[in-house]
Amino acid sequence: MADAVLREDVGRTAVLTINRPDKLNALNEQVRVDMMEHLGAIETDDSIGVVVITGAGEKSFIAGADIGEFEGRSPFDQRDAMASPRVFDVMSNFPKPVIAMINGFCLGGGCELASSCDIRVASEKARFGQPEINLGLIPGGGGTQRLPRLIGLGQTMRLVLSGDMIGADEAARIGLVEMTFPPEELREKTLELADRIGSKSPLTLKVAKQAVRAAWTTSVDDGVNYERDLFCLCFSSEDKEEGVAAFLGKRKAQWKGR
Ligand code: COA
């Protein structure tokens, strides 16, 4: 049986490809287990600075949870299947930057997985939606909570209540994706972005993510205080000394991650 998730390292970027193209990369148990394994290994791998998540084939990023697994399931079975830690939460709290490279259908759990990433880069042909309503379900991977924080309550209501799909242009307009590219340029442009991010200090990237993520859960006043504390904490790092010295010395910084 083919690996459900493939890992390819390109420089300091690990590309994780969900590998069920025949099923439009629907998220089944094997994908979830493999993703967790890969993320666990990448978290402690100092050679990797950035993670890119994508789907195999040209048609789909992820077409949602594997609907076949829902048939005949009791609430208790489903609860077990959704036991923590969940891939959406692990990804959302991952210490290294995670970019969703959305190459096609980005539906249901796929849209929720993308919403858990730090940055979303999409093919101009990608399609987005939360179609669970058509199955008598609601989003179960954080879609009702993370999506409103990205695109607002009204746009989330529209997607979740209608189950409608939208194109990449509209997704970009409402803030569901940050960048779009023609399909043939998607990989190159995404890897360029990952490479630029991966060339920064891994320590500072981690702190920067932590500060921005705090905006999801804190008041502006608390968040600004937290940011100031993290900013001052950076003054204890060798990389801050190096970054400042490199700028003043008109040379390229050599990060140590300390
Ligand atoms: N779970 C399980 N299988 C899925 C799937 C999913 N979420 N999405 C697609 N597939 C499977 C199809 O059953 C089909 O398998 P088959 O060839 O063995 O019959 C294969 O992937 C190709 O999909 P198909 O529906 O034939 O492609 P399409 O181009 O006609 O339609 C979609 C594409 C995305 C519109 C359609 O597949 C779809 O609506 N998928 C479900 C999306 C969804 O509701 N996601 C939320 C789940 S909670």
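Whatever order the structure lists ligands and atoms in, that order sets their numbers, starting from 1. In what follows, every heavy atom counts, from backbone to side chain, and hydrogens, waters and symmetry copies are set aside.
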Q) Between A26 and ligand 1, is there a nitrogen or oxygen pair with a distance under 3.5 Å? A) no
Q: Answer yes if a protein heavy atom lies under 4.0 Å from atom 27 (O) of ligand 1, otherwise answer no.
A: yes
Q) Ignoring hydrogens and geometry, is there a side-chain-to-backbone donor-acceptor pair from D164 to L159 under 3.5 Å? A) no
Q.
Between ligand 1 and L27, can you find any atom pair, the residue atom being a heavy atom, that is separated by under 4.0 Å?
A. no
Q) Heavy-atom contacts under 4.0 Å between A63 and ligand 1: side chain, backbone, both, or neither? A) both
Q | N-O pairing of D89 and R146 below 4.0 Å | A | yes
**Q.** Non-hydrogen protein atom less than 4.0 angstrom from atom 30 (O) of ligand 1
**A.** no
(Q) Whether the T54 and N103 side chains hold a donor-acceptor pair (N or O, under 3.5 Å, no angle test) is what I'd like checked. (A) yes
Q.
Between S116 (side chain only) and E112 (backbone N and O only), is there a donor and an acceptor less than 3.5 Å apart?
A. yes
Q | Check: K209 side chain, F94 main-chain N or O, donor-acceptor pair, under 3.5 Å | A | yes
Q | Numbering as shown, the atoms of ligand 1 that approach E132 to under 4.0 Å (heavy-atom distance) | A | 48 (S)
Q. Can we say E241 and R258 salt-bridge, meaning some charged N sits less than 4.0 Å from an Asp/Glu carboxylate O?
A. no
Q.
Can you check which of I133, N28, I67, I62 brings a heavy atom nearest to atom 1 (N) of ligand 1?
A. I67
(Q) Quick test: of every protein heavy atom, which one is nearest to atom 24 (P) of ligand 1, and how far off is it to 0.1 Å? (A) L24 CD1, 4.5 Å
**Q.** Heavy atom of protein closer than 4.0 angstrom to atom 34 (C) of ligand 1
**A.** yes
Q) So which bit of L107 gets within less than 4.0 Å of ligand 1, heavy atoms only: side chain, backbone, both or neither? A) side chain
**Q.** N-O pairing of E170 and R158 below 4.0 Å
**A.** yes
(Q) Test side-chain contact (heavy atoms from CB on, under 4.5 Å) on V51 and H38; report intermediate values, then the result. (A) CA-CA 10 Å; V51 183; H38 282 299; over 6 Å; no
Q.
If we count only non-hydrogen protein atoms and require a distance under 4.0 Å, does atom 19 (O) of ligand 1 qualify as touching the protein?
A. no
**Q.** Within reach of ligand 1, part of K23 (heavy-atom separation under 4.0 Å)
**A.** both
Q) Heavy atoms of the protein only: does one fall short of 4.0 Å from atom 15 (O) of ligand 1? A) yes
Q: Show the numbers, then the answer: is there a side-chain contact (heavy atoms from CB on, under 4.5 Å) between L193 and M179?
A: CA-CA 10 Å; L193 173 67; M179 300 163 95; 3.9 Å; yes
Q) Would R32 and E69 pass as an ion pair if we require N to O under 4.0 Å? A) yes
Q. Hey, is Q130 one of the residues with a heavy atom under 4.0 angstrom from ligand 1?
A. no
Q) Can you tell me if R127 has a non-hydrogen atom under 4.0 Å from ligand 1? A) no
Q) Of all the atoms in ligand 1, which lie at a distance below 4.0 Å from a heavy atom belonging to M165? A) 35 (C)
Q: May I ask whether L186 and L16 are part of the same hydrophobic cluster, defined by side-chain heavy atoms of I, L, V, M, F, W, Y residues being less than 4.5 angstrom apart, directly or through others?
A: no
Q: For E192, look at atom CD and say whether over 12 heavy atoms of other residues, nucleotides or ligands are found less than 6.0 Å away.
A: yes
**Q.** Contact partition for D22 relative to ligand 1, non-hydrogen atoms under 4.0 Å
**A.** backbone
(Q) Show the atoms of ligand 1 that are less than 4.0 angstrom away from any heavy atom in K59. (A) 27 (O), 28 (P), 29 (O)
Q) Protein heavy-atom contact under 4.0 Å for atom 41 (C) of ligand 1? A) yes
Q: Could you name the option among P21, A65, G64 that has the heavy atom nearest to atom 6 (C) of ligand 1?
A: A65
Q | Test item: protein heavy atom less than 4.0 Å from atom 12 (C) of ligand 1 | A | no
Q: Mark whether atom 44 (O) of ligand 1 lies under 4.0 angstrom from at least one protein heavy atom.
A: yes
Q: Report yes or no: does N19 contribute a side-chain atom to a donor-acceptor pair with the main-chain N or O of D3 at less than 3.5 Å?
A: yes
